[in-house]
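Counting starts at 1 for both ligands and their atoms, in listed order.
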Amino acid sequence: KHCFTKSDDGYLYCETVKVQEIMESVDRRPFYLYSKPQITRNVEAYKDALQGLNSVIGYAIKANNNLKILEHLRHLGCGAVLVSGNELRLALRAGFDPTRCIFNGNGKILEDLTLAALEGVFINIDSEFDLENIVAAARIAGKRVNVLLRINPDVDPQVWNVHPYVATGNKNSKFGIRNEKLQWFLDAIKEHPNEVKLVGAHCHLGSTITKVDIFRDAAVIMINYIDQIRDQGFEVNYLNIGGGLGIDYYHSDAVLPTPRDLIDTVRELVLSRGLNLIIEPGRSLVANTCCLVNRVTGVKTNGSKNFVVIDGSMAELIRPSLYDAYQHIELVSPATADAEILTFDVVGPVCESADFLGKGRELPTPAKGAGLVVHDAGAYCMSMASTYNLKMRPPEYWVEDDGSVSKIRHGETFEDHIRFFEGL
Ligand code: LLP
């Protein structure tokens, strides 16, 4: 079951609510619209898949940091994956158990590491200097830190067709440590028994992964490392295989792997070593729960190109501009019978040519004021939004379990911007 459906008479629904009606009842566009039940279903899919394993679902907060959504994910039993001190503060605010949180990143700063150490968060070691900083943070905090080694398994995530920016686990990436340095790290960790306790190994292959076999390839490599680490007397109990499961952005008939397919590729390996499995999904928990709802400002033609100009833009949703990412676009209400079907670039009002939400899309020519959604906008959309051209960040709403609609984030305003300059 998916939250967004089109009725036979051509209206888009979010769960049981007509998107057109929501659009008319809110005072500002564009806005993000989520389905709370879809978030629940996505988490349940992972929970079902993980039955029989000791596991932590570490939701990657960078995908979407709406506090209400975080509280809901925490309530459903998720832990959290953090990449900054502020994400850690937000996770604590949302009530996440710090011992089910993992602090990741290749450039973690001492101040943030110290907060993580104080709170008892698991920390991934990314480099020599990172280990140095973690040891320093442990001393400042007066706590022994549970650490995992982020190992770069050099597995090709096979997402180069998507965009090179989303691959991370290959050998020349800036993340993690290479295998030839493993012994150096183990020796260094042994020198700091009061500051760090090595509890596991971590890898993250990339994002938008649609071939789950590579998770098995990575797990085989990681288990081999864990065996080597255990041979040296470390009690490592956690295997963290990162996030990265892709979603069906194309709304095609292609059958994509599910959380169960993903977990099943590593289940036996994890059980064979008695390990706890940590996973770090972001996109696959939230992307398909949301769309950006826009209004059509007008339609124009230049040369051979047709444009639908909407009020949303690269400021609210930058993935198409930044990664050439495809996100499905459709109208929320049926077009009139005489509306010509044409190929359009869907663009925003921002003053640069990079500002597009979709290119070459076949759509019935929309009327001024028609609603148009960009789908699968729950991950890396609002969290990557900017205020470029002073298009302030949009409000967010969700459809609740009972079908009512609630605001879950205020839209940013012009006054918010002015506040940065007060008293200077
Ligand atoms: N764990 C680590 C260490 C990561 O680097 C990431 C994402 C995740 C987990 C979550 O991955 P997911 O399950 O969401 O694929 N802004 C890009 C995606 C960047 C992903 C970066 N790392 C986009 O919009 O496609």
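Close contacts of ligand 1 with Arg150, meaning ligand atoms under 4.0 Å from a residue heavy atom, involve 3 (C). The contact set between ligand 1 and Gly243, taken as ligand atoms under 4.0 Å from a residue heavy atom, comprises 9 (C), 13 (O). Near Arg283, with a cut-off below 4.0 Å to any heavy atom, the atoms of ligand 1 are 12 (P), 13 (O), 14 (O), 18 (C), 23 (C), 25 (O).
Not a single heavy atom of Ser284 sits closer than 4.0 Å to an atom of ligand 1. Under the 4.0 angstrom criterion for non-hydrogen atoms, Pro281 is in contact with ligand 1.
Residues that satisfy the side chain to side chain donor-acceptor pair (under 3.5 Å) test with Asn124, not counting sequence neighbours, are Asn104, His202.
Among pairs with a residue in residues 73-86, those fulfilling side-chain hydrogen bond (donor to acceptor under 3.5 Å, both in side chains) read Asn86-Arg89, at least two apart in sequence or across chains.
A ring-centre distance under 6.0 Å is found for His375 and Phe4.
Among the atoms of Val81, none of the N or O lies under 3.5 angstrom from an N or O of ligand 1. At least one N or O atom of Gly244 sits closer than 3.5 Å to an N or O atom of ligand 1. Some N or O of Glu280 is nearer than 3.5 Å to an N or O of ligand 1, by distance alone. Below 3.5 Å of separation, one finds no N or O of His202 facing any N or O of ligand 1. Polar contact with ligand 1: absent for Asn104 (N/O pair, distance under 3.5 Å).
Only side-chain heavy atoms of Tyr323 come within less than 4.0 Å of ligand 1; its backbone N, CA, C and O stay farther off. Heavy atoms of Ala63 found under 4.0 angstrom from ligand 1: none, in either backbone or side chain.
Classification of Asp126 and Lys108 as a salt-bridged pair fails, no side-chain N sitting under 4.0 Å from a carboxylate O. A salt bridge does not link Asp401 to Lys36: none of the charged side-chain nitrogens sits closer than 4.0 Å to a carboxylate oxygen. Classification of Glu15 and Lys1 as a salt-bridged pair holds, one side-chain N sitting under 4.0 Å from a carboxylate O.
There is no side-chain donor-acceptor pair under 3.5 Å between Asp355 and Tyr388.
The number of heavy-atom neighbours closer than 6.0 Å to CD of Gln183, taken from other residues, nucleotides and ligands shown, is above 12.
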